Chemist: 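I'd like to ask some things about the structure below.
The structure presented is a predicted model; accordingly, all values stated were derived computationally and were not measured. Every chain is numbered from 1 and lettered A, B, ... according to where its sequence line falls, protein lines coming before strand lines.
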2 protein chains.
Amino acid sequence: MLSKKTKYGLKALTFLASQKGKDPVQIAEIAKQENISQKFLESILLSLRKTGFLGSKKGKGGGYYLIKDPKEVLMTDVMRVLEGPISMVPCVSLNFYEKCDDCPDEDACSVHKLMLKVRDANLAVYRNNTLADLLL
Amino acid sequence: MLSKKTKYGLKALTFLASQKGKDPVQIAEIAKQENISQKFLESILLSLRKTGFLGSKKGKGGGYYLIKDPKEVLMTDVMRVLEGPISMVPCVSLNFYEKCDDCPDEDACSVHKLMLKVRDANLAVYRNNTLADLLL
DNA sequence: TATTAATCTACTAATTCTATAGGATAAATG
DNA sequence: CATTTATCCTATAGAATTAGTAGATTAATA
């Protein structure tokens with residue numbers, strides 16, 4: 001299941017991408033438009049800022065704004081930050097690889113074999129979609 | 001992340017599929033060979049029996065055995081039983097559809113749009129793989 | 001300086017996951 | 001028919017994760 005964090009994060013990014021200008025948008029505005037708990041959204045936007053997707057401005061007229069062009073924002077990167085590894089098991093992860101403690105031989109593992117295919121299929125989708133592709 | 005339940009279930013199914021004869025295999029034997037907690041595996045095998053993947057026999061010489069030919073066991077069905085819906089959000093699920101309570105218009109939802117593609121990609125993998133494909 | 005809005009820390013409630021315990025039931029064997 | 005063997009079933013408990021809340025702080029603007 002997709003976490004609410006990811007769901008809300010994607011909606012917020014899409015909302016910001018759909019704004020005409022590059023003026024900062026307040027958390028409260030995004031939360032209202034997208035039906036998201038404001039306090040929860042607050043922490044999500046913060047993490048998106050710390051990972052380089054958003055910029056922010058404090059005080060009056062402040063808010064969040066996209067740093068890059070939506071066409072340059074790959075879903076692989078967004079998903080890894082919001083949802084975590086794209087792989088369903090660490091032993092097939094490109095960016096978060098870990099050996100299974102219970103599995104003596106990776107190459108002989110049926111789960112490993114299946115999850116490799118699943119990983120590749122998901123990567124293909126995320127690599128071929130940018131924030132701009134979510135816009136309409 | 002793939003749950004341990006699914007991981008263990010897949011390993012058990014593969015183990016049973018790799019057996020030469022159709023003689024029942026005891027839980028203890030599978031648990032030992034695959035490094036799985038026996039009691040946990042017990043409940044997993046039980047659910048696989050109740051959903052028509054396995055048969056069982058009690059008493060001495062008893063155990064679990066595959067009911068179908070591994071070639072006939074689709075990963076779509078296995079995954080749905082062990083891991084639940086293949087879709088990451090209910091609003092794109094074929095078998096477990098539910099409307100999002102926060103989303104006024106599905107067709108305008110960026111998350112919906114992306115997750116449709118993800119679902120299709122995953123379905124393609126699971127539909128094209130049977131238990132027999134995990135064997136080597 | 002007053003107002004506005006993001007920042008940060010800490011905490012809580014609910015849910016799900018991963019088991020474990022213990023007895024009931026059924027089948028085979030001698 | 002009694003004993004052994006192994007599945008069946010219910011209940012429960014600890015750990016981890018998720019989702020959300022509270023409240024004080026910091027920075028920018030007018």
Side-chain angles (χ1 to χ4, degrees), chain A residues 1-12 16 23-51 53-67 81-85 88-90 96 100-102 111, chain B residues 1-12 16 23-32 34-67 81-85 88-90 96 100-102 111:
Chain A
M1 278 293 146
L2 198 75
S3 68
K4 300 258 183 187
K5 180 184 174 186
T6 302
K7 188 180 180 185
Y8 295 161
L10 285 172
K11 286 197 170 195
L16 289 174
D23 290 339
V25 183
Q26 299 165 27
I27 297 175
E29 167 80 4
I30 306 174
K32 191 183 170 192
Q33 294 295 325
E34 299 291 342
N35 292 306
I36 305 172
S37 146
Q38 178 167 341
K39 271 295 190 178
F40 191 22
L41 180 60
E42 203 178 297
S43 68
I44 297 168
L45 295 180
L46 199 58
S47 83
L48 286 171
R49 198 215 57 182
K50 289 183 176 175
T51 47
F53 294 96
L54 299 179
S56 67
K57 202 182 160 190
K58 286 186 178 180
K60 189 164 190 176
Y64 283 96
Y65 52 90
L66 275 181
I67 282 189
V81 162
L82 291 174
E83 189 74 3
M88 294 185 80
V89 281
F96 304 88
C100 294
D101 43 355
D102 58 314
V111 178
Chain B
M1 277 293 146
L2 198 74
S3 68
K4 299 259 183 186
K5 180 184 173 187
T6 302
K7 187 180 181 185
Y8 295 161
L10 285 172
K11 286 197 170 196
L16 289 174
D23 290 338
V25 183
Q26 299 165 27
I27 298 174
E29 166 80 4
I30 305 174
K32 190 182 169 192
E34 299 291 343
N35 291 307
I36 305 173
S37 147
Q38 179 168 340
K39 270 296 191 179
F40 192 20
L41 180 60
E42 202 178 299
S43 67
I44 298 168
L45 295 181
L46 199 58
S47 84
L48 286 172
R49 198 216 55 181
K50 289 183 175 174
T51 47
F53 294 97
L54 299 180
S56 66
K57 203 182 160 191
K58 286 186 178 180
K60 191 162 188 177
Y64 283 95
Y65 52 91
L66 276 181
I67 281 189
V81 162
L82 291 173
E83 189 74 3
M88 293 184 81
V89 283
F96 305 88
C100 294
D101 43 355
D102 59 314
V111 177

Chemist: Between A:Gly61 and A:Gln38, which has a closest nucleotide on DNA chain D that is more 5'?
Modeler: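 Final value for this comparison: A:Gln38.
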
Chemist: Which comes earlier along DNA chain C counting from the 5' end, the contact point of B:Lys58 or that of A:Leu46, where each point is its nearest nucleotide?
Modeler: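 Checking each residue's closest nucleotide, the 5'-ward one belongs to A:Leu46.
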
Chemist: Could you tell me the separation between the CD atom of B:Gln26 and the C1' atom of C:dA26, rounded to a whole number of Å?
Modeler: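 So the CD-C1' distance, B:Gln26 to C:dA26, works out to 15 Å.
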
Chemist: Give a yes/no on whether any side-chain N or O of B:Ser56 is located under 4.0 angstrom from OP1 or OP2 of D:dC8.
Modeler: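 Checking D:dC8 against B:Ser56, a side-chain N or O does come within under 4.0 Å of OP1 or OP2.
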
Chemist: Looking at D:dG20, does its base get a donor-acceptor pair with the side chain of A:Lys5 below 3.5 Å?
Modeler: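 Check fails, no donor-acceptor contact within cut-off.
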
Chemist: Looking only at side-chain N and O atoms, does B:Tyr64 come under 4.0 Å of OP1 or OP2 in D:dA6?
Modeler: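 So the side-chain polar atoms of B:Tyr64 never come under 4.0 Å of the phosphate oxygens OP1 or OP2 of D:dA6.
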
Chemist: So A:Leu45, base contact, sugar-phosphate only, or nothing? Heavy-atom distance under 4.0 Å.
Modeler: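 Contact class for A:Leu45: none.
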
Chemist: Rounding to an integer number of Å, can you tell me how far B:Ile44 CD1 sits from C:dC17 C1'?
Modeler: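 These atoms are roughly 11 Å apart.
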
Chemist: Can you check the B:Asp102 CG to D:dG20 C1' distance for me, whole Å?
Modeler: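 It is 15 Å, rounded to the nearest whole Å.
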
Chemist: Can you measure B:Glu29 atom CD to D:dT5 atom P for me and round it to whole angstrom units?
Modeler: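 To the nearest whole Å, that distance equals 16 Å.
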
Chemist: Map A:Phe40 and A:Gly59 onto DNA chain D by nearest heavy atom, then report which one ends up closer to the 5' terminus.
Modeler: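 By nearest-heavy-atom nucleotide position, the 5'-most residue is A:Phe40.
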
Chemist: Looking at every non-hydrogen atom in both residues, tell me the closest pair between B:Ala31 and B:Gln38 and how far apart they are.
Modeler: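 Reported closest heavy-atom pair: CB-CA, 3.9 Å.
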
Chemist: I want to check one thing: is the phosphate of D:dG20, taken as OP1 and OP2, less than 4.0 Å away from some side-chain N or O of A:Ser43?
Modeler: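 It does not, given that no N or O in the side chain of A:Ser43 lies less than 4.0 Å from OP1 or OP2 of D:dG20.
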
Chemist: With a non-hydrogen cut-off below 4.0 angstrom, is B:Lys4 in contact with a base, only sugar-phosphate, or nothing?
Modeler: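 B:Lys4: backbone/sugar contact only, no base atoms under 4.0 Å.
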
Chemist: What is the distance, to the nearest angstrom, from the NZ atom on A:Lys39 to the C1' atom on C:dA6?
Modeler: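 Distance check: A:Lys39 NZ to C:dA6 C1' gives 10 Å.
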
Chemist: Assess whether a salt bridge exists between A:Glu42 and A:Lys39, defined as any Lys/Arg side-chain N lying under 4.0 Å from an Asp/Glu carboxylate O.
Modeler: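 Salt bridge between A:Glu42 and A:Lys39, a charged N being under 4.0 Å from a carboxylate O: yes.
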
Chemist: Do the side chains of B:Ile30 and B:Leu45 get nearer than 4.5 Å, heavy atoms only?
Modeler: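 Side chain of B:Leu45 against side chain of B:Ile30, heavy atoms only: contact under 4.5 Å found.
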
Chemist: Are the side chain of B:Asp102 and the backbone of A:Asn35 linked by a donor-acceptor contact shorter than 3.5 Å?
Modeler: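 Such a contact is absent between B:Asp102 side chain and A:Asn35 backbone.
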
Chemist: Nearest whole angstrom, please: distance from the C1' of D:dC8 to the CD1 of B:Ile27.
Modeler: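 So the CD1-C1' distance, B:Ile27 to D:dC8, works out to 9 Å.
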
Chemist: Indicate, yes or no, whether a donor-acceptor pair under 3.5 Å links the base of C:dG30 to the side chain of B:Lys60.
Modeler: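 Donor-acceptor pair under 3.5 Å: no.
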
Chemist: Phosphate oxygens OP1/OP2 of D:dT7: is one of them under 4.0 Å from a side-chain N or O of B:Arg49?
Modeler: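 Looking at the OP1 and OP2 atoms of D:dT7, neither is under 4.0 Å from any side-chain N or O of B:Arg49.
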
Chemist: Nearest-Å distance, NZ (B:Lys57) to C1' (C:dT25)?
Modeler: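 The answer, rounded to whole Å, is 16 Å.
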
Chemist: Could you give the distance from CE (A:Met88) to NZ (B:Lys7), rounded to the nearest 0.5 Å?
Modeler: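 Taking CE in A:Met88 and NZ in B:Lys7, the distance rounds to 12.5 Å.
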
Chemist: Expressed in angstrom and rounded to an integer, what is the separation of B:Lys7 atom NZ from C:dA19 atom C1'?
Modeler: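 Distance, rounded to whole Å: 15 Å.
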
